[in-house]
Amino acid sequence: MIVLGIETSCDETGVALYDSKAGLRSHALFSQVEIHAEYGGVVPEIASRDHVRKLLPLINQCLEEAGLTRTDIDAVAYTAGPGLIGALLVGTAIGRSIAMALDRPAIAVHHMEGHLLAPMLEAEPPTVPFVALLVSGGHTLLIEVRAVGEYKILGETLDDAAGEAFDKTAKLLGLGYPGGPALAKLAEEGDAERFSFPRPMTNRPGLDFSFSGLKTHTRNLWTNGEQDEITQADIAAGFQKAVVDTLLIKCRRAMQHTRAQQLVVAGGVGANLALRKTLQQAGHQYGWKVAYPRLEFCTDNGAMIAFAGCQRLMAGQHTGPVLKAFARWPLDQLPPLQNKRAPA
Ligand code: KG4
Ligand code: ZN
């Protein structure tokens, strides 16, 4: 089965063709980062309009790269939420329309299920059950994955998401938008021990997170102290270490609580090299397997949507000819899959 995957939930237009037998055939991405940079953040209306411009050319590009034509598409998977509603509606309308024109089934995919399953696109895919740490711009979730489609939320953020905290802290430090990768780069040069940062919510039981205090802590350090380049790098390093340590402490707790043997890390912040290194070391130390998507599939992309959609389509699920997108959509409300085995 060849599935066309479409991702338009935020500021990236992602398209991919996933073949249930041969794997990923092609994928293409257009990032709107430069378009939004001058506004210091994503402007939803501009995002939607650009998805309209880019989606069809990217689909044609993917078909060409895979050596396929439109009629080779067996089904369409599109992100229907959560995300920016106008942006989601572009992918939903175009995805659903292509399926209707070709008389093929379509499936509305949950963006976070896409992130969660993205490591399964790699050569050594994780196998269920596992614990997933999903860290993106909009979400911070610890999830017990008993089977594909069966998600129990163990913990989530009570305020800012991890990526949001990176972005807001970067903005405070004058690093512009998007801040996460810029802050991570600067942190490599800094001394993480110069300033002490809290490890929020680690001194009480539970698996929830809170990152907004770290941002306030940064603001106090930066506005009340020296504003030179060394201080900027040291604050970036201290902030990043606090986030990474906090995520590690909570992952360890979740692994103990569920007795899982595998940890899956995904979402934009999963591209953070300090986080990857720390969790990898913890894996060696505590005997867990740790799986990540390749770097380019940590952040938003069409491949993860094509793959997640394919799992559900192969289990006989599809979405009727309705145009519905959801700004909010709880992951644990997804229907389970009857056929729990991933396709070969
Ligand atoms: O998953 P994603 O592409 O979009 C959402 O679904 O939100 O994640 C984007 C987030 C942004 O907040 C971005 O700053 C953050 O991931 N991010 C990073 C890194 N690369 C992306 N944060 C820290 N270090 C990175 N290397
Ligand atoms: Zn995302």
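When a ligand or atom number is given, it counts from 1 through the structure's own listing order. Hydrogens, waters and symmetry mates play no part in the numbers below; they use all other heavy atoms, side chains included.
- No more than 12 heavy atoms of other residues, nucleotides or ligands sit less than 6.0 Å from atom CD1 of I230.
- Two rings, from F166 and F211, have their centers 6.0 Å or more apart.
- Applying the salt bridge (charged side-chain N to carboxylate O under 4.0 Å, His left out) criterion to K250, with sequence neighbours excluded, gives no partner residue.
- The protein heavy-atom contact nearest to atom 18 (C) of ligand 1 is G268 O, 3.8 Å.
- The two residues G91 and I6 make their nearest non-hydrogen contact at CA-CG2, 3.9 Å.
- Considering backbone and side-chain N/O of G267, none are found under 3.5 Å from N/O of ligand 1.
- For atom 11 (C) of ligand 1, the candidate residues are D167, T79, D300; the nearest heavy-atom contact is made by D167.
- D160 and S212 share no donor-acceptor pair across their side chains, judged by distance under 3.5 Å alone.
- Contacts between H111 and ligand 1, counted as non-hydrogen atom pairs separated by less than 4.0 Å, involve the side chain only.
- Remark: ligand 1 and G180 share an N or O pair separated by less than 3.5 Å (distance only, no angle test).
- The two residues A303 and F297 come nearest to each other via the heavy atoms CB-CZ, 3.6 Å.
- Taking the N/O/S atoms of D300 in turn, the shortest distance to the Zn ion (ligand 2) belongs to OD1.
- Rounded to 10 degrees, the NE2-metal-NE2 angle spanning H111 and H115 at the Zn ion (ligand 2) equals 90°.
- For C10, the closest heavy-atom approach to ligand 1 does not fall below 4.0 Å.
- Neither the backbone nor the side chain of P178 has a heavy atom within less than 4.0 Å of ligand 1.
- Because the distance cut-off is set at 2.8 Å, H139 fails to qualify as a neighbour of the Zn ion (ligand 2), as none of its N, O or S atoms comes that close.
- Summarising the local packing, CZ of R253 is surrounded by more than 12 heavy atoms from other residues, nucleotides or ligands at distances under 6.0 Å.
- Within the 4.0 Å heavy-atom shell around ligand 1 one finds H115.
- Closest of all the heavy-atom pairs between I107 and H318 is CD1-CA, 3.8 Å.
- C10 lies apart from the Zn ion (ligand 2) in this respect, since none of its N, O or S atoms is found at a distance under 2.8 Å.
- Ligand 1 lies within reach of G138, whose nearest heavy atom is under 4.0 Å from it.
- The distance from ligand 1 to the heavy atoms of G163 drops below 4.0 Å at these ligand atoms: 12 (O).
- In the vicinity of A271, heavy-atom distances shorter than 4.0 Å reach the ligand 1 atoms 26 (N).
- Nearest protein heavy-atom contact of atom 10 (C) of ligand 1 is G137 N, 3.5 Å.
- A donor-acceptor pair shorter than 3.5 Å can be found between the side chains of Y151 and E113.
- Counting non-hydrogen atoms of neighbouring residues, nucleotides and ligands closer than 6.0 angstrom, the CD atom of Q256 exceeds 12 such neighbours.
- Selection from L295, L134, N272, V42 by nearest heavy atom to atom 26 (N) of ligand 1 gives N272.
- Judged by distance alone, with hydrogens and angles left aside, the side-chain atoms of T231 form no donor-acceptor pair with the main-chain N or O of Q227 at under 3.5 Å.
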